[in-house]
Amino acid sequence: MLVRGVRVLRWMRWYVRELTDESAYDRYVAHVRKDHPDAPAPSRRTFERERTDRQEADPRQGFRCC
């Protein structure tokens, strides 16, 4: 019973991270390490700033009302 509860909580955490795109940084770092092993991975702050700048520059990338 406890194992099932832990599995459900892990699934819920994964789902929320995917839904809110919080896992985008983790996916990007994995990509950089796999495909560009000599390139340094940016900090999370740098990644988020660049992603926000890209979204604001191109309205097709996402919608930001405020």
Side-chain angles (χ1 to χ4, degrees):
M1 184 72 168
L2 181 62
V3 173
R4 183 180 176 134
V6 169
R7 255 190 262 159
V8 168
L9 288 175
R10 283 183 182 163
W11 180 85
M12 287 174 54
R13 180 178 183 270
W14 172 84
Y15 184 77
V16 169
R17 284 176 47 87
E18 291 296 323
L19 186 67
T20 61
D21 209 22
E22 184 181 338
S23 60
Y25 176 72
D26 298 332
R27 285 191 308 268
Y28 181 72
V29 169
H31 160 75
V32 169
R33 288 183 179 153
K34 179 182 172 219
D35 296 339
H36 311 284
D38 297 333
S43 68
R44 183 176 199 98
R45 183 177 184 152
T46 302
F47 171 79
E48 293 295 342
R49 177 162 313 263
E50 289 175 357
R51 185 168 76 151
T52 301
D53 290 345
R54 261 192 324 272
Q55 288 174 343
E56 289 178 351
D58 186 0
R60 294 173 296 168
Q61 287 281 337
F63 178 75
R64 186 170 174 173
C65 67
C66 307

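Nothing here was measured: the structure is a model prediction, and the numbers come from that model.
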Report all side-chain donor-acceptor pairs from residues 33-43 shorter than 3.5 Å, counting only partners two or more places apart or in another chain.
| unit_1 | atom_1 | unit_2 | atom_2 | d |
| --- | --- | --- | --- | --- |
| D35 | OD2 | H31 | ND1 | 2.9 |
| S43 | OG | T46 | N | 3.2 |
| S43 | OG | T46 | OG1 | 2.9 |

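Contact detail for R44 and E22: the closest heavy-atom pair is NH2-O, 2.9 Å.
By the rule that hydrophobic residues join a cluster once side-chain heavy atoms approach within less than 4.5 Å of another member, V3 and V6 end up as members of separate clusters. Under a hydrophobic-cluster definition in which Ile, Leu, Val, Met, Phe, Trp and Tyr are linked whenever side-chain heavy atoms come within less than 4.5 Å, directly or via other members, L19 and W14 are assigned to the same cluster. Hydrophobic clustering (ILVMFWY, side-chain heavy atoms < 4.5 Å, transitive): V8 and W11 are in one cluster.
Take D26 and apply the side-chain hydrogen bond (donor to acceptor under 3.5 Å, both in side chains) test, not counting sequence neighbours, and it matches R17.
Remark: Y25 OH is packed, more than 12 non-hydrogen atoms of other residues, nucleotides or ligands lying under 6.0 Å away.
A salt bridge between E48 and R45 is absent, with no side-chain N of the basic residue lying under 4.0 Å from a carboxylate O of the acidic one.
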